Number of protein chains: 2
Amino acid sequence: MSEPRQPAAKLIYERLETMIAEGHFKDGERLDETMLAQEFGVSRTPLREALRQLTANGLTETFPNRGTFVRRPDFVRIVEMFEVMAEMEAWCARLAATRATAAQLLLLRHAASRCEAALQENDSRAYYAHNETFHRLIYEASGNGFLAEETSAMQGRLKAFRQAQLFVPDRLARSMQEHRMILKALEAQDAPAVERLVRDHVRIQSTTYQEFRAPDDLAEGAAWFDKAASRKASTV
Amino acid sequence: MSEPRQPAAKLIYERLETMIAEGHFKDGERLDETMLAQEFGVSRTPLREALRQLTANGLTETFPNRGTFVRRPDFVRIVEMFEVMAEMEAWCARLAATRATAAQLLLLRHAASRCEAALQENDSRAYYAHNETFHRLIYEASGNGFLAEETSAMQGRLKAFRQAQLFVPDRLARSMQEHRMILKALEAQDAPAVERLVRDHVRIQSTTYQEFRAPDDLAEGAAWFDKAASRKASTV
DNA sequence: TTTTTACGGATTGTGTACAAGTTTTTTGAG
DNA sequence: CTCAAAAAACTTGTACACAATCCGTAAAAA
């Protein structure tokens, strides 16, 4: 019943992802393979894989023979990310409104009731997990397999940046209320309503993140633009 | 003036990507690291990096300690991919209609005239390159940096599957005409028109691909679904 | 003084060997 | 003959060593 042992590379990827999301690195900071390998107690091989994965997801930038550098998202970028996420999910939801099968609606209701139960018990972790299922079911109900995969991948990429909003007061209760409305609109096959509801439901996450981290990032935002400008000049 | 030598891993990635797009592998076929390393004349280290990159882009699937398996897209998936691409580009374009700066419009006109020149000389390669610039400029004009990057990345991922449509007769001339209309609508800041024009402009690429490869893929499509079903059963 | 070039140190890219895990074959009992 | 368990063969995951490349510094030339 225990999980099959995960490769070290994946674990390291997740740790680095969290560290970047939580701001443990400065923007533009170089991630030294040798040093990090020592810190994590592994060789450079799995660590390099993790770095490449980070770059694939846009969290770092890699220059051949020069190394990989963190791209710490400022608050503008965070908003942009959730904006894109909201649009993708809204598109999924609009398609799902007319394409979802009875079985898929059943699964959605089930996931929603699981969220409800978690809310009753005030179990943030459980709510978070079932919330993820609820959203993923909508992606799949869109009927476009590729879109569903891409949206799911995007959700995974933003997960690290969404952790903070768990602790925003009353967010869970409000989220649940939004889920109820989304489900209702889906059952009514009201595509425009579903699209709007889901877009707002996802978008709000960026505003909570902003509230949570803005003071920090506003200060660092200016430095970021300077660095980005000089970096651009040196690489072009 | 010569290009800085590319790492072997990147070159191998591109070759494998093309091979998958061109159908050199069966769907579900395992990509043997040792064997491929021998064929490409490199060690397993850079080859593994290429495989991981393929998986990150959804062209293959990797199971820990079991290997990576190709996910050859059937024609349904191809259509889905261009559908998503069309929607992303359309969104960029709609935003660009109201947000593009004068400088960005100038660059767009420049890229369009480059396309025009390439068309006059019947230089498909050049047209293809300037076409890419034209589209990328629209992404950037959206004003959402993250969206621009993601759309650009998606374009890169679909590039391998778009090669075929270069050879569809009159496609270049029609594409150019579409560019002209898009540019005109952008200058007029007519967001709804731009959105619609770009969506159709991108969408049509999937239909040409479909015409080009459908006979093949229709036959293999059935086998694909069978395999996918059995694979699902074995991994769950 | 300013620019160019050569060198030294450090870091990434790749090859190879071994460890860990998976699949297939073999072997034995029922 | 069938099925289960064990072992052999094979494949991926990781460690480590060396090669290729880049960066900074300092010396030399303009």
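In the text below, chain A, chain B and the rest are named by the order of the sequence lines, each starting its count at 1. For clarity, every value in this text was computed on a predicted model and none was experimentally measured.
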Over how many whole Å does the gap from [X] atom [atom1] to [N] atom [atom2] extend?
X: B:Glu49; N: D:dT14; atom1: CD; atom2: C1'; result: 14 Å
X: A:Gln38; N: C:dT11; atom1: CD; atom2: P; result: 11 Å
X: B:Phe63; N: C:dA20; atom1: CZ; atom2: C1'; result: 20 Å
X: A:Leu47; N: D:dG13; atom1: CG; atom2: P; result: 16 Å
X: A:Met35; N: C:dT12; atom1: CE; atom2: P; result: 9 Å
X: A:Ile12; N: D:dG13; atom1: CD1; atom2: C1'; result: 12 Å
X: A:Leu31; N: C:dT11; atom1: CG; atom2: C1'; result: 13 Å
X: A:Asp32; N: D:dC23; atom1: CG; atom2: P; result: 15 Å

Is any side-chain N or O of [X] closer than 4.0 Å to OP1 or OP2 of [N]?
X: A:Arg66; N: D:dC23; answer: yes
X: B:Arg30; N: C:dT22; answer: no
X: B:Arg48; N: C:dG15; answer: no
X: B:Arg44; N: C:dG15; answer: no

Is the base of D:dC10 touched by the side chain of B:Thr34 through a donor-acceptor pair closer than 3.5 angstrom? no

Minimum-distance nucleotide to [X] side chain [options: [options]]:
X: B:Ser43; options: C:dT14, D:dC16, D:dT12; answer: C:dT14
X: B:Pro7; options: C:dT11, C:dG13, D:dA15; answer: C:dG13
X: A:Ala8; options: D:dG13, D:dT14, C:dT14; answer: D:dT14
X: A:Asn65; options: D:dT21, D:dT12, C:dG15; answer: D:dT21
X: A:Pro46; options: D:dT14, D:dC22, C:dT11; answer: D:dT14

Practice item. Select base, sugar-phosphate, or nothing to describe what A:Leu51 touches, counting heavy atoms under 4.0 Å on all strands. Key: nothing

Point to revise | A:His110/A:His130 aromatic ring centres below 6.0 Å | key: no

Are A:Phe63 and A:Phe69 close enough that their ring centers fall under 6.0 Å? yes

NZ/NE/NH1/NH2 to OD/OE distance under 4.0 Å, [X] and [Y]:
X: B:Arg48; Y: A:Glu49; answer: yes
X: A:Arg157; Y: B:Glu150; answer: yes
X: A:Arg71; Y: B:Glu149; answer: yes

